[in-house]
Trainee: 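Let me give you the structure first, and then I'll get to my questions.
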Amino acid sequence: RRLHRLSITHQDDIFSLPYTETVSFSSMAVWKREHKPITVEPDGYFAFRRRSAGEYHWTKYFALEIDQDTEANVRHRNFWTQKSILKTMVTYGEAHKRGIIETTLGLPNMRTSFVTTSERHVSNILRNAAPLFLKAGYSPNLILFSSREALEQADPLTIAYKNAAGRDVSLLD
């Protein structure tokens, strides 16, 4: 890959807002055939643009979710009243399914980069929450998982991220 032909764009350039502003959007969550509105408030946004012949041709957009390992992976009994990794995943999944990302934010594509505390926690999410996300029919590539451990040891463009199916993918795939 020719990484020198990439440009990273931060939230302030994507939305013409200072990076300190919160860019949230309304979505839905669906759990056990019940639909409820939910507001999504990512920790940030970023994008990659590829340059060829002096022009930028594609842009890949990402919402950033930073997990502090303070909420449960799955809350079966209290899905609607308490935070969980699965609830966040389902909310992003519905935003994609319903076209909310494009109509509300004006982004033609967006995936979520979910950064958590450790590789062990990534494994736990993939074991507990991801199968329920996939069973609901959401694409495994909508959410990519990485750990702070991995990001601190290597260039974020060179590490393997895990999709919801547990497969290695790149941010640029």
Side-chain angles (χ1 to χ4, degrees), residues 11 14-15 17 21-47 59-151 156 159-173:
Q11 174 179 316
I14 295 170
F15 299 110
L17 292 170
E21 293 286 324
T22 300
V23 180
S24 60
F25 58 93
S26 296
S27 183
M28 294 291 287
V30 177
W31 183 248
K32 297 185 179 179
R33 292 187 234 171
E34 190 174 353
H35 299 233
K36 290 193 178 183
I38 284 190
T39 299
V40 179
E41 192 173 306
D43 294 309
Y45 295 87
F46 62 96
T59 304
K60 295 182 181 273
Y61 296 96
F62 293 86
L64 177 64
E65 286 289 333
I66 300 173
D67 174 46
Q68 302 295 330
D69 198 4
T70 57
E71 55 194 56
N73 291 337
V74 178
R75 297 247 188 222
H76 292 284
R77 298 179 83 186
N78 300 321
F79 182 86
W80 295 110
T81 58
Q82 294 182 322
K83 287 185 174 186
S84 73
I85 303 295
L86 177 62
K87 186 173 166 183
T88 301
M89 292 171 67
V90 166
T91 304
Y92 276 106
E94 279 300 306
H96 284 277
K97 186 177 181 179
R98 295 170 185 263
I100 293 169
I101 303 294
E102 190 164 1
T103 58
T104 303
L105 299 178
L107 305 178
N109 62 66
M110 186 182 84
R111 294 192 289 176
T112 303
S113 176
F114 209 106
V115 179
T116 190
T117 54
S118 66
E119 289 299 314
R120 181 173 175 245
H121 193 53
V122 169
S123 295
N124 289 338
I125 292 168
L126 292 174
R127 184 181 64 245
N128 299 321
L132 298 169
F133 176 79
L134 296 173
K135 185 178 179 182
Y138 303 115
S139 169
N141 287 324
L142 291 180
I143 301 178
L144 306 180
F145 297 93
S146 61
S147 70
R148 281 194 282 285
E149 293 171 340
L151 292 170
I159 69 166
Y161 292 75
K162 296 285 186 191
N163 71 8
R167 292 188 189 93
D168 288 348
V169 295
S170 162
L171 281 180
L172 303 176
D173 289 341

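Just so it is clear, the structure is predicted and the values come from calculations on it, not from any experiment.
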Trainee: Write down the atom of Met89, the atom of Ala129, and the distance for their closest heavy-atom approach.
Mentor: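 Taking Met89 first and Ala129 second, the nearest heavy atoms are SD-CB, 4.1 Å.
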Trainee: Which pairs, with at least one residue in residues 117-137 and sequence neighbours excluded, count as a salt bridge (Lys or Arg N to Asp or Glu O under 4.0 Å)?
Mentor: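 Not a single pair qualifies under salt bridge (Lys or Arg N to Asp or Glu O under 4.0 Å).
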Trainee: For a 4.5 angstrom cut-off between non-hydrogen side-chain atoms, does Thr112 reach Phe62?
Mentor: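 A side-chain contact under 4.5 Å is absent here.
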Trainee: Roughly how far apart are Thr116 OG1 and Ile85 CD1, rounded to 0.5 Å?
Mentor: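 Answer for the OG1-CD1 pair, Thr116 versus Ile85, is 6.0 Å.
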Trainee: Return yes if some donor-acceptor pair links the side-chain N/O of Ser139 with the main-chain N/O of Asn141 below 3.5 Å, else return no.
Mentor: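 Checking the backbone N and O of Asn141 against the side chain of Ser139, a donor-acceptor pair under 3.5 Å is found.
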Trainee: Leu134 and Ala164: which non-hydrogen atoms are nearest, and at how many Å?
Mentor: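 For Leu134 and Ala164, the tightest heavy-atom pair comes out as CD1-O, 3.5 Å.
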Trainee: Can you list the steps and then say if Val122 with Tyr161 is a side-chain contact (heavy atoms from CB on, under 4.5 Å)?
Mentor: CA-CA 10 Å; Val122 169; Tyr161 292 75; over 6 Å; no
Trainee: Can you measure from CZ (Phe46) to CE (Met110) and round to the nearest 0.5 angstrom?
Mentor: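 CE of Met110 is found 10.5 Å from CZ of Phe46.
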Trainee: Evaluate Thr104 against Arg98 for side-chain contact (heavy atoms from CB on, under 4.5 Å), listing each step before the verdict.
Mentor: CA-CA 11 Å; Thr104 303; Arg98 295 170 185 263; over 6 Å; no
Trainee: Which heavy atom of Trp80 sits nearest a heavy atom of Lys87, and at what distance?
Mentor: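 Nearest pair, atom of Trp80 first, then Lys87: O-NZ, 3.1 Å.
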Trainee: Return yes if some donor-acceptor pair links the side-chain N/O of Ser27 with the main-chain N/O of Thr91 below 3.5 Å, else return no.
Mentor: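 A pair under 3.5 Å: yes.
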Trainee: Please examine the side chains of Phe25 and Pro42, heavy atoms only from C-beta on, and report whether any two atoms are closer than 4.5 Å.
Mentor: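 In short, these two side chains touch, coming nearer than 4.5 Å.
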Trainee: Would you mind reporting whether Leu151 and Val115 have side-chain heavy atoms less than 4.5 Å apart?
Mentor: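 A side-chain contact under 4.5 Å exists here.
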Trainee: Determine, stepwise, if the pair Asn73 / Asn124 fulfils side-chain hydrogen bond (donor to acceptor under 3.5 Å, both in side chains).
Mentor: CA-CA 8 Å; Asn73 291 337; Asn124 289 338; 5.7 Å; no
Trainee: Does Tyr45 reach the main-chain N or O of Val23 with its side chain, forming a donor-acceptor pair under 3.5 Å?
Mentor: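 Confirmed, Tyr45 side chain pairs with Val23 backbone.
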Trainee: Ignoring hydrogens, what is the shortest heavy-atom contact between Ile159 and Ala150? Give both atom names and the distance.
Mentor: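 Closest pair (atom of Ile159, atom of Ala150, distance): CG2-O, 3.9 Å.
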Trainee: Report the C-alpha separation of Ser113 and Phe145 in whole Å, then their side-chain angles, then the decisive distance to 0.1 Å, and conclude whether the side-chain contact (heavy atoms from CB on, under 4.5 Å) test is met.
Mentor: CA-CA 6 Å; Ser113 176; Phe145 297 93; over 6 Å; no
Trainee: Under 3.5 Å, is there a donor-acceptor pair between the side chain of Arg75 and the main chain of Leu86?
Mentor: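 Looks like no, no N/O pair under 3.5 Å.
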Trainee: Using a 4.5 Å cut-off on heavy atoms from C-beta on, say whether the side chain of Thr117 contacts that of Arg148.
Mentor: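 Arg148 vs Thr117: side chains touch.
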Trainee: If every non-hydrogen atom of Lys60 is compared with every non-hydrogen atom of Asp173, which pair is closest and at what distance?
Mentor: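 Lys60 and Asp173 have their closest heavy atoms at NZ-O, 3.3 Å.
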Trainee: Taking atom OG of Ser26 and atom CD1 of Ile38, what is their separation to the nearest 0.5 Å?
Mentor: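 Reported value, rounded in 0.5 Å steps: 10.5 Å.
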Trainee: Which distance, rounded to the nearest 0.5 Å, do you find between the CG of Asp43 and the CD of Gln68?
Mentor: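 If we round to the nearest 0.5 Å, Asp43:CG and Gln68:CD are 8.0 Å apart.
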Trainee: At their closest point, which heavy atom of Gly93 faces which heavy atom of Tyr138, and how far apart are they?
Mentor: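 Where Gly93 meets Tyr138 most closely, the heavy atoms are C-CE2, 3.4 Å.
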Trainee: If we only count heavy atoms from C-beta on, is the Lys36 to Met28 side-chain gap below 4.5 Å?
Mentor: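 Side-chain contact under 4.5 Å: no.
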Trainee: Might you work through the side-chain contact (heavy atoms from CB on, under 4.5 Å) test for Ile101 and His96, ending with a clear yes or no?
Mentor: CA-CA 6 Å; Ile101 303 294; His96 284 277; 4.1 Å; yes
Trainee: Is Asp168 reaching over with its side chain to a backbone N or O of Lys162, donor-acceptor style, under 3.5 angstrom?
Mentor: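 Here the side-chain-to-backbone pair does not exist.
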Trainee: Between Glu65, Lys97, Arg111, which is the residue that forms a side chain to side chain donor-acceptor pair (under 3.5 Å) with Tyr92?
Mentor: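 When side chain to side chain donor-acceptor pair (under 3.5 Å) is applied between Tyr92 and each of Glu65, Lys97, Arg111, only Glu65 qualifies.
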Trainee: Ignoring hydrogens and angles, tell me if any N or O in the side chain of Asn109 forms a donor-acceptor pair with the backbone of Tyr61 under 3.5 Å.
Mentor: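 Confirmed, Asn109 side chain pairs with Tyr61 backbone.
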Trainee: Return yes if some donor-acceptor pair links the side-chain N/O of Asn163 with the main-chain N/O of Gly166 below 3.5 Å, else return no.
Mentor: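 Yes, because the side chain of Asn163 sits within donor-acceptor range (under 3.5 Å) of the backbone of Gly166.
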Trainee: Taking side chain as C-beta onward, heavy atoms only, is Phe114 less than 4.5 Å from Asp67?
Mentor: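 Heavy-atom side-chain distance check passes, below 4.5 Å.
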Trainee: State the CD-NE2 distance between Glu149 and His121, to the nearest 0.5 angstrom.
Mentor: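 Glu149 atom CD to His121 atom NE2 measures 11.5 Å (nearest 0.5 Å).
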